[in-house]
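One structure below.
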Amino acid sequence: MGFCSLKPWFGVMLFSLLIHFLTFQYCCADANSTLVVNASFDKVNARRIPNSFLGVFFEEINHAGAGGLWAELVSNRGFEAGGPDNTLNIYPWSVIGNESSISVSINHTSCFARNKAALLMKVYCGGHEPCPYGGVGISNPGYWGMNFEQGKRYKVVYHVKSETKFDFQISFKGVDVIKVASNTRHVFGDRKWKRVETIVEAKDTNHYSSLQITTTSEGRFLLDQVSAMPLDTHMGHGFRKDLFQMVADLKPKFLRFPGGTYVEGDHLQNRYQWKDTIGPWEERPGHFNDIWNYWSEDGIGYFEYLQLAEDLGALPIWVFNAGISVHEEINATAIAPYVQDALDGIEFARGSPKSKWGSVRAAMGHPKPFDLRYVAVGNEDCWHFNYQGNYLKFYDAIRSATPDIQIISNCDASSAPLKHPADLYDFHIYTDSNDMFSKSTWFGNTSRAGPKAFVSEYAVWKEDAANGSLLAAIAEAAFLIGLEKNSDIVQMVSYAPLFSNINDRRWIPDAIVFDSYQLYGTPSYWVQKLFIESTGATFLDSTLLTTSSNKLIASAIIWENSTEKKSYLRVKVVNFGIATESLNIYIIGLNSNVQQFGSTKTVLTSTNLMDENSFLEPKKVVPQTSSLENAGKYMNVILSSYSVTSLDFFLWTYLVIGACFAYANQTSTLVVDVSDSGRPIPDTLFGIFFEEINHAGTGGLWEELVNNRGFEAGGTRVPSNIAPWTIVGKEPAIFIQTELSSCFEHNKVALKLDVQCDNCPSDGVGVSNPGFWGMNIVEGKTYKVVFFVKSKGALDMTVSFRETEGGRILASCNIIASASEVSNWERMETILEADASSSDSSLYLTTTKKGVIWLDQVSAMPVDTYKGHGFRSDLVNMLIDLKPAFLRFPGGCFIEGERLRNAFRWKNSVGPWEQRPGHFGDVWSYWTDDGFGYFEGLQLAEDIGARPLWVFNSGISHTEEIDTKDITPFVQESLDGIEFARGAATSKWGSLRASMGHPDPFDLKYVAVGNEDCQKKNYQGNYLAFYRAIKAAYPDIQIVSNCDASSKPLNHPADMYDYHTYPKEYETMFNNADVFDKTPRNGPKAFVSEYALIGEQAKQGTLLGAVSEAGFLIGLERNSDHVIMASYAPLFVNANDRKWNPDAIVFSSNQVYGTPSYWVQFMFRESNGATLLKSQLQTPHPNSVAASAIICKNSQTYLKIKVANVGNSPINLQISLQGIESSDATKATKTVLTSADAFDGNSFANPTKIVPKRNPLLSGGKEINDILPPVSFTVFDLLIRRP
């Protein structure tokens, strides 16, 4: 007797019973659609999808290869495209020079036996008569423009014959006749053909360049086989990198090539003949592709296709001609040469390097055989009279010579058996969307006894597809699901066509569209990406119960991420209907828990079913991935109309074969005493720290658009560096220089414009300023432009915003003044309203009048800054959302300076902006005009409802110190600064504040003496001088020392001490939570003014860094009887100037996002002033799990429990609430910050990839059971009533 497992049998029974039950329920009630997935592994319910299932089909159509994937830039490089009798047509080559200087023609005396055409160039100038400037010659635009990119190198090869010595200039010029790259070669004429090779490097970028070959030498020259290719093709194999990568991203398992109808030809003389496409490229004759009507030089030939398949990691499938073209046929009695040609081709691919054809392959650089296992006899030829007879000749010969090769017939066996032997049969379908959707069931009744099916060409086309529509893609997705379901008979599938050069769309739609430098995937491409994991996956049995049977189709697989060794159950559902659908999913027989962490939902849809992608919107219709909320074995999802939805359920079980992952079964317990009166958390605990770093203020929060507005960035000596200002126009029309002639005492540099042109260009000459990496100008918004000007004559100046690339005018106005009005410095102000938008704009000050003009203090700001206070509204709102209790400012190292002369001095940063001298921030290496000064820092704190905490210089920089005996001026400066903030409007410094628009004092209660200066020789002495003076004048002000008292007491008085921590290991950051556990409570309080995880684990802002910081902040909450303030650092970074990584908020001129660290702070914002409860965490993972519980009171009482899991495994958490009277479970929520990868971060492309996700908490009572995802921060919110 033997034993067998009952699990598979039980799974089948359960599956059947569940289907029966759900069917009954479905018929008796208004139920949603239901999908039941049987995940039990047995021969009935699960089978392997073939490892060859999904691949790609490449055909030379739409200039897919010539002018596309093959990176050759020259079109008609051998002058053969006009045919063997051509003498005049050299298209697309053109002649440079007139008929008196040069003539060209085709003769047939080339040195290449199989392509005899050469270009005869007769140059008549250069002897008695000089040639025109630049010479005469020929030009080639490539395939609708050659793409040249600055810094890249290109190899140019040509063959030349001449009787005399000559100089050839090889250059690439764009449509605007800007020389991109050039190289001159001196060639001695000896009446012999010479191969000339040169490397050129692009000095500029132009996407529509032309190759020019010119000379200034008189003579007769023969040219042939002119080639230009980038040096950085994929692996040096000649393939255009970006196009190759698009194909590689599909993870194709096979490559069918080179056609298609291209293999057949309209006539047999123009069929694809592989032997003409191998060997040195110069010797390949090329041929006219009479199906798709263009010349191909066969640079991408049989060898290159085999190489492409190898580079892609795909199996090659070679399609060869069956002796049949569209209009001609070879009888089986005469087919022998074609059969031998096929056998030779197989030998070329697979033969020994010592064999006849294998040696040719080896000579081309590939001695090792290619892995050719599949060949197809012809294309769409089954209906031809001679096909079956010809096919059998090929079949018998190939089977005899290479019995392992799989042979594919053109004849369809999906509905009737073949009449001849085959390993696979070809199936093609091009139809409308409704028919494509219905064809998802096509192979359901196909006999499983015969050959396998190869669906080598499929696509929705014509009206439903347009150029590549969402509608077409959705229907194709349904068809692919049907092929998955029938993958026991369908072994291979590929879309067609793969590529299209947008300038030659012979066939639409296509998967990938490109031109000389850009590309995008159509929705059909993105559908294929949704299926790439199906190859080799395990197909699961599933049943869909729906009243929308003609609109919904679904499948389920289990697949493994080969890189991370993680397993997923994927459910794909197509909704081909106009209505939104609600789908219940039941997964049975699964020996694993579904983990919410790592489970994702990917949806391909759009607002209009005919939406397409384009160069302007390349990602209008692309899959959008998000976390799968409430992922589980039983769940509901909403399916958008006309959509493909892919749900990936993360399965921990499959990480360890035959066992559950141990961590997931270990439980942590958190007991919270809700009856405890608790301890108040300071209402100052969490705030923010602003430092002028990363262009946080200048070019960021301070919305001045002009960079170096006073021309002072180069210092006070002239000539001064005026960057980033640039001259508009060229000498001698205009000259500019800096002078010390300004009317402002503290910033004497002014810019002199000497305009010399009598007939100036129509758009004027002058200067322009791009701001901080482009000014953001928005249509309909108004901008105030102010500048100071004087002139020797009348002023007629245009003030405009223009788009940086192309010069489009976004807003403009004229400033006109008589000579007497501007003979001395005058302030000009104008309001510009933008007629269009651009995030990359510049301010232009131009004139068309001859004269001399001086400019200084040029400012441009939006009128609608936050409260009119000069702050960028979107960035301020990011701060307000944190509800910060305080604002520490303006540094940081910024207040110290590398040298004292470059320290931040508050008095230089107040008063009218045009009178502020600005200074060079030598720590972070950029100039600031100090538009964001001391006053603005105080105003910002008030605007966001935070208390200001002013950090001032202690007489110490990074490299210099003031001795304590000389510190008095610095002490007085700090007292004056406090008076400026708090003094009466009638006081000396308070009156200055009042004159700036703020008569009421600011609420300044905290100051910090220096930054990170405790170890400096003079700090303690200097500190005491500040402390005593400030306490005597302002005894209520709280003073912060730089010296750390967390582990030992201070030796000087202080209200608070500063604590900074920037660990590089997440474990250190997380475990710093207990750093204050043993700190004595009888000394000054702690101010954790700078904290962050940095280094490789934090990168530019990772989930891992944020969760480790959450653990640290939980520790600060726990120790908030001692720690009364804490702030992250740095706060801001302009993405164009990352001096420090990571940062909380990232921005550009028009975009902003919070890093995961920002969102952790967001999740702590209710802690200020809350009540900390007693809680006890028992966990087997004390170094990776931390928790706290607080009570927050608004109009109601909420219990907020925060738990950080920094480990890489899920945690079972049981929460027990003691002393609770009741809770409103309907208002209980769970907010989770996590992602699929610990090193995930946000970006401009995906700004909300990692943000807190709030959902109802299903178990919102006194006992809560939940699973904490790996590397996650979770907040539970419960509305409670306490006794």
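Side-chain contact between Phe689 and Leu949: absent, with no pair of heavy atoms (C-beta onward) separated by less than 4.5 Å. Two residues are said to be in side-chain contact when any heavy atoms from C-beta on lie closer than 4.5 Å; Gln939 and Phe1002 meet this criterion. Between Ser954 and Tyr1023 the shortest side-chain heavy-atom distance does not fall below 4.5 Å. Using a 4.5 Å cut-off on side-chain heavy atoms (C-beta onward), Trp854 and Cys743 make no contact. Put simply, the side chain of Val1152 reaches to within 4.5 Å of the side chain of Ile1145, judged on heavy atoms. Using a 4.5 Å cut-off on side-chain heavy atoms (C-beta onward), Leu882 and Tyr1158 make contact. The side-chain heavy atoms of Phe787 and Val799, taken from C-beta on, include a pair separated by under 4.5 Å. Side chains of Phe952 and Val1009 form a contact here, defined as non-hydrogen atoms less than 4.5 Å apart.
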For this session: Could you check His1060 against Ser1089 for side chain to side chain contact (heavy atoms under 4.5 Å, CB included), going step by step and ending with a plain yes or no?
Result: CA-CA 6 Å; His1060 296 184; Ser1089 66; 2.8 Å; yes

Exercise. Step by step, would you call Asp943 with His869 a side-chain hydrogen bond (donor to acceptor under 3.5 Å, both in side chains)?
Worked result: CA-CA 9 Å; Asp943 285 352; His869 290 161; 2.7 Å; yes

For this session: Starting from the C-alpha separation in whole Å, work towards a yes-or-no answer on side-chain hydrogen bond (donor to acceptor under 3.5 Å, both in side chains) for Asp930 and Asn908.
Result: CA-CA 8 Å; Asp930 289 327; Asn908 288 334; over 6 Å; no

For this session: Give the intermediate values and the outcome of side chain to side chain contact (heavy atoms under 4.5 Å, CB included) for residues Leu810 and Met775.
Result: CA-CA 11 Å; Leu810 309 174; Met775 298 180 181; over 6 Å; no

Exercise. Can Met797 and Met828 be said to form a side chain to side chain contact (heavy atoms under 4.5 Å, CB included), step by step?
Worked result: CA-CA 11 Å; Met797 178 164 278; Met828 296 291 181; over 6 Å; no

Problem set entry | Candidate pair Thr928 and His919, rule side-chain hydrogen bond (donor to acceptor under 3.5 Å, both in side chains), full reasoning | CA-CA 6 Å; Thr928 171; His919 77 288; 5.5 Å; no

For this session: Take Phe1147 and Asn1134, measure what side chain to side chain contact (heavy atoms under 4.5 Å, CB included) needs, and give me the verdict at the end.
Result: CA-CA 5 Å; Phe1147 64 89; Asn1134 187 312; 3.5 Å; yes

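Annotation: the span from Phe1026 atom CZ to Glu973 atom CD amounts to 8.5 Å, rounded to 0.5 Å. One distance of note links CG of Leu879 with CG of Leu1131; it measures 5.5 Å at 0.5 Å rounding.
The residues Glu704 and Arg709 are annotated as salt-bridged, a charged nitrogen and a carboxylate oxygen being separated by less than 4.0 angstrom. At a threshold of 4.0 Å, the pair Glu1090-Arg888 counts as salt-bridged, since one of the basic side-chain nitrogens sits closer than that to a carboxylate oxygen. Taking the charged nitrogens against the carboxylate oxygens, Asp922 and Arg899 have no contact shorter than 4.0 Å, which rules out a salt bridge.
For the pair Trp913 and Ser859, the tightest heavy-atom approach, listed with the atom from each and the gap, is CH2-CB, 3.5 Å. Taking both residues in full, the closest heavy atoms of Glu691 and Cys893 are given as OE2-N, 2.9 Å, listed atom of the first, atom of the second, then distance. Here the closest heavy-atom approach between residue Ser1149 and residue Ser839 is recorded as OG-O, 2.9 Å. Listed here is the closest heavy atom pair of Glu703 and Arg872: OE1-CA, 3.3 Å. Nearest heavy atom pair, residue Val765 against residue Cys757, reads CG2-SG, 4.3 Å. Contact detail for Leu887 and Ala946: the closest heavy-atom pair is N-CB, 3.9 Å.
Ring-plane geometry between Phe894 and Phe904 is classed as tilted, the angle between the planes lying from 30 to 60 degrees on a 0 to 90 degree scale.
More than 12 heavy-atom neighbours from other residues, nucleotides or ligands sit within 6.0 angstrom of CZ on Arg827. Atom NZ of Lys1139 has more than 12 neighbouring heavy atoms from other residues, nucleotides or ligands inside a 6.0 Å radius. Residue Glu829 qualifies as enclosed at atom CD: its count of foreign heavy atoms under 6.0 Å is above 12. At most 12 non-hydrogen atoms from other residues, nucleotides or ligands lie less than 6.0 angstrom from CG of Asn759. The neighbour count for Lys792 NZ, taken as heavy atoms of other residues, nucleotides or ligands under 6.0 Å away, does not exceed 12. Taking a 6.0 Å sphere around NZ of Lys781, one finds it holds more than 12 heavy atoms contributed by other residues, nucleotides or ligands. More than 12 heavy-atom neighbours from other residues, nucleotides or ligands sit within 6.0 angstrom of NZ on Lys1031.
For the pair Arg916 and Phe744, the cation-pi criterion (under 6.0 Å, within 45° of the ring axis) is not fulfilled.
Side chain to side chain, Arg1138 and Asn1141 meet the donor-acceptor criterion of an N or O pair below 3.5 Å. Side-chain polar atoms of Thr804 and Asp840 form a donor-acceptor pair below 3.5 angstrom. Judged purely by distance below 3.5 Å, without hydrogens or angles, the side chains of Asn1018 and Glu961 pair a donor atom with an acceptor atom. Of the N and O atoms on the side chains of Thr726 and Ser768, at least one donor lies less than 3.5 Å from an acceptor on the other residue.
Proximity of the aromatic rings of Trp906 and Trp989 is defined here by a centroid distance below 6.0 angstrom, and this criterion is met. Ring centroids of Trp950 and Tyr934 are separated by less than 6.0 Å, placing the two rings close together. Note: Trp924 and Tyr926 fail the aromatic proximity criterion, with ring centroids not under 6.0 Å apart. Taking the six-membered ring for Trp and the full ring otherwise, the centers of Phe886 and Tyr1006 sit at least 6.0 Å from each other.
Of the residues Asn1011, Asp1058, Val951, the one that meets the side chain to side chain contact (heavy atoms under 4.5 Å, CB included) test with Val1040 is Asp1058.
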